[in-house]
**Q** 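Next up is a structure, given as structure tokens.
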Amino acid sequence: MTVEKVNFEPSDLAYVPFVSVDNMMRNVRAVGVEGFMRGIAGYIEEDFLRWESFDKKPRIPAHAPQGVIELMPTSDGRTFGFKYVNGHPGNFRNGLQTVTGFGVLSNLLTGYPVLFSEMTILTALRTAANSALAATYLAPEGSTTMAIIGNGAQSDFQCLAFKEMVGITDIRAYDLDATASERLARNLNGTGLTVTVCASAQEAIEGADIITTVTADKKSATILTDNMIGSGVHINAVGGDCPGKTELHRDILLRSDIFVEFPDQTHIEGEFQQLGRDHPVTELWQVYSGKAPGRTSRDQITLFDSVGFAIEDFAALRYVRDLLPQTGHFEKLDLLADPDDPRDLFGMVLRSAAADGKAA
Ligand code: NAD
């Protein structure tokens, strides 16, 4: 399905299009999961190519011992977007998601919201799309095998995005919880991917061109140690995305060329927090725009230190917003007060009370 661009003009709609979880799933099915992620990746790349036109700041967190809630705002001067997202690694013990979210796009010229969307599924899609996009610049040419350590909610999307955009055919899966790997293998059955469930991280990375770490734990874990990493691999480190929450041994970082989204945020939240702020890293937007090289040699270890940045959510919301006129999978949310006289907000309340036969 081709997505036509929608402009957010001041003549905004009288309602706010709302994409519920149900409708997000319908939208994804209308395009196909892989096509949807390819679509998001295209929008992310487009927005990274106009990086300098965005207002950028590290996200705003509220921490508890159990997890974090974060607000992720950005704007390109015409459109404003933000995501509300949490990360609570222990939630699954109570039958809850580790990561949930919702987001808004607004017309910066009128201040009116133009989209309100669930972002639990959309975050998984955009994170995978973002990882695969980075890998198209960083992974060794001809990569076919990916190890994936951490087989939870994000993992299926990662595997499918890497199949679609990088050409991965073989997945080597490991999780502390073997039932998580079995679930992943079941879900990927029939997608064209061959999945081998492994008994350890060491076994999973054997023969892998790409290693994805996407575990959840609110601590500095060591999912991979230096002696496990051979030359020439690409590491897609997704799970370390909070202060005090990392996945890789520091020595791996010292041997790798590190690529990041927004250094000011990654240094607080990513693997990069294990290094000094002046340690050299390359920003992905510079690679996409040809200002900095991606992978330059077969032996190089490349590391995408992914934490998730607001512009990726902005791009994913733009993609969804542009899709809605074609799919129609949204509801009209009565979120905007529209009195006949914009200054007579109270009069509108009075008339509503009168209509209900009550005093205001
Ligand atoms: P999840 O809880 O659904 O899955 C995490 C899995 O990791 C679980 O199956 C758990 O058993 C496994 N695990 C934990 N410790 C492990 C270890 N030491 N070795 C092997 N497996 C281990 O969580 P999720 O929604 O899939 O998210 C995974 C991580 O990705 C979280 O930390 C989340 O914060 C992060 N995340 C990052 C981004 C980003 O943009 N970088 C976006 C979304 C989520």
Side-chain angles (χ1 to χ4, degrees), residues 40 44 59 61 63 66-70 72 83 85-101 103 119-134 147-159 161 172-185 187 197-205 211-225 228 235-249 259-262 265-266 268-272 284 303-313 315-316:
I40 293 176
I44 293 175
R59 56 189 159 192
H63 292 281
Q66 294 79 0
V68 64
I69 292 178
E70 295 161 325
M72 303 171 68
K83 179 167 82 169
V85 68
N86 79 306
H88 285 69
N91 265 4
F92 78 95
R93 288 188 203 96
N94 303 314
L96 302 174
Q97 295 294 125
T98 297
V99 176
T100 62
M119 288 195 80
T120 300
I121 298 170
L122 193 57
T123 291
L125 292 157
R126 82 86 158 108
T127 302
N130 193 46
S131 284
L133 173 63
I148 182 152
I149 302 168
N151 301 157
Q154 311 297 318
S155 63
D156 320 50
F157 298 91
Q158 288 280 335
C159 295
R172 298 178 64 77
Y174 170 66
D175 195 293
L176 279 181
D177 175 359
T179 63
S181 309
E182 284 152 18
R183 180 206 57 77
L184 176 66
N187 278 358
V197 173
C198 300
S200 65
Q202 175 70 58
E203 186 186 324
I205 65 173
I211 303 172
T212 290
T213 55
V214 62
T215 65
D217 210 341
K218 199 160 170 37
K219 65 172 188 198
S220 295
T222 309
I223 309 297
L224 300 176
T225 52
M228 292 164 78
I235 306 172
N236 171 42
V238 179
D241 61 353
C242 226
K245 178 169 173 253
T246 53
E247 296 180 304
L248 309 183
H249 192 283
F259 297 82
V260 302
E261 293 141 315
F262 180 52
Q265 182 177 311
T266 313
I268 300 169
E269 302 178 350
E271 301 302 325
F272 188 19
L284 279 176
L303 164 60
F304 172 31
D305 185 2
S306 162
V307 290
F309 186 53
I311 294 175
E312 294 142 29
D313 299 303

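Order of listing sets the numbers, starting from 1, for every ligand and every atom in it. For clarity, every value in this text was computed on a predicted model and none was experimentally measured.
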**Q** At their closest point, which heavy atom of Glu261 faces which heavy atom of Val307, and how far apart are they?
**A**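 Scanning both residues, the minimum pair turns out to be OE1-N, 2.9 Å.
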**Q** Check side-chain hydrogen bond (donor to acceptor under 3.5 Å, both in side chains) between Asn91 and all other residues, then give those that pass, not counting sequence neighbours.
**A**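 For Asn91 there are no side-chain hydrogen bond (donor to acceptor under 3.5 Å, both in side chains) partners, ignoring immediate neighbours.
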**Q** With sequence neighbours left out, write down each residue that passes side chain to side chain contact (heavy atoms under 4.5 Å, CB included) with Thr100, or none if nothing qualifies.
**A**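 If we apply the side chain to side chain contact (heavy atoms under 4.5 Å, CB included) test to Thr100, skipping adjacent residues, the hits are Asn86, Gln97, Thr120.
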**Q** Do you know which two heavy atoms are closest between Gln158 and Val238, and how far apart they sit?
**A**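 Closest heavy-atom pair between Gln158 and Val238: NE2-CG2, 4.0 Å.
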**Q** Considering residues at least two apart in sequence or located in another chain, which fulfil the side chain to side chain contact (heavy atoms under 4.5 Å, CB included) criterion with Ile268?
**A**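 Residues passing side chain to side chain contact (heavy atoms under 4.5 Å, CB included) with Ile268: Pro58, Pro243.
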**Q** Between the protein and ligand 1, which nitrogen or oxygen pairs come in under 3.5 Å, and how far apart is each?
**A**
{"unit_1": "ligand 1", "atom_1": "2 (O)", "unit_2": "Thr98", "atom_2": "OG1", "d": "2.6"}
{"unit_1": "ligand 1", "atom_1": "3 (O)", "unit_2": "Ala153", "atom_2": "N", "d": "2.9"}
{"unit_1": "ligand 1", "atom_1": "9 (O)", "unit_2": "Asp175", "atom_2": "OD1", "d": "3.4"}
{"unit_1": "ligand 1", "atom_1": "9 (O)", "unit_2": "Asp175", "atom_2": "OD2", "d": "2.6"}
{"unit_1": "ligand 1", "atom_1": "11 (O)", "unit_2": "Asp175", "atom_2": "OD1", "d": "2.6"}
{"unit_1": "ligand 1", "atom_1": "21 (N)", "unit_2": "Leu176", "atom_2": "N", "d": "3.3"}
{"unit_1": "ligand 1", "atom_1": "25 (O)", "unit_2": "Gln154", "atom_2": "NE2", "d": "3.0"}
{"unit_1": "ligand 1", "atom_1": "26 (O)", "unit_2": "Ala153", "atom_2": "N", "d": "3.1"}
{"unit_1": "ligand 1", "atom_1": "26 (O)", "unit_2": "Gln154", "atom_2": "N", "d": "2.9"}
{"unit_1": "ligand 1", "atom_1": "32 (O)", "unit_2": "Thr215", "atom_2": "O", "d": "3.0"}
{"unit_1": "ligand 1", "atom_1": "32 (O)", "unit_2": "Gly239", "atom_2": "O", "d": "3.2"}
{"unit_1": "ligand 1", "atom_1": "32 (O)", "unit_2": "Lys245", "atom_2": "NZ", "d": "2.7"}
{"unit_1": "ligand 1", "atom_1": "34 (O)", "unit_2": "Asp241", "atom_2": "OD1", "d": "3.3"}
{"unit_1": "ligand 1", "atom_1": "34 (O)", "unit_2": "Asp241", "atom_2": "OD2", "d": "2.8"}
{"unit_1": "ligand 1", "atom_1": "34 (O)", "unit_2": "Lys245", "atom_2": "NZ", "d": "3.0"}
{"unit_1": "ligand 1", "atom_1": "36 (N)", "unit_2": "Asp241", "atom_2": "OD2", "d": "3.3"}
{"unit_1": "ligand 1", "atom_1": "40 (O)", "unit_2": "Arg126", "atom_2": "NH1", "d": "3.1"}
{"unit_1": "ligand 1", "atom_1": "40 (O)", "unit_2": "Gly308", "atom_2": "N", "d": "3.3"}
{"unit_1": "ligand 1", "atom_1": "41 (N)", "unit_2": "Val238", "atom_2": "O", "d": "3.1"}
{"unit_1": "ligand 1", "atom_1": "41 (N)", "unit_2": "Ser306", "atom_2": "O", "d": "3.4"}
{"unit_1": "ligand 1", "atom_1": "41 (N)", "unit_2": "Ser306", "atom_2": "OG", "d": "2.9"}

**Q** For Ala237 and Thr213, which heavy atoms make the closest approach, and how far apart are they?
**A**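 Result for this residue pair: CA-OG1, 3.3 Å.
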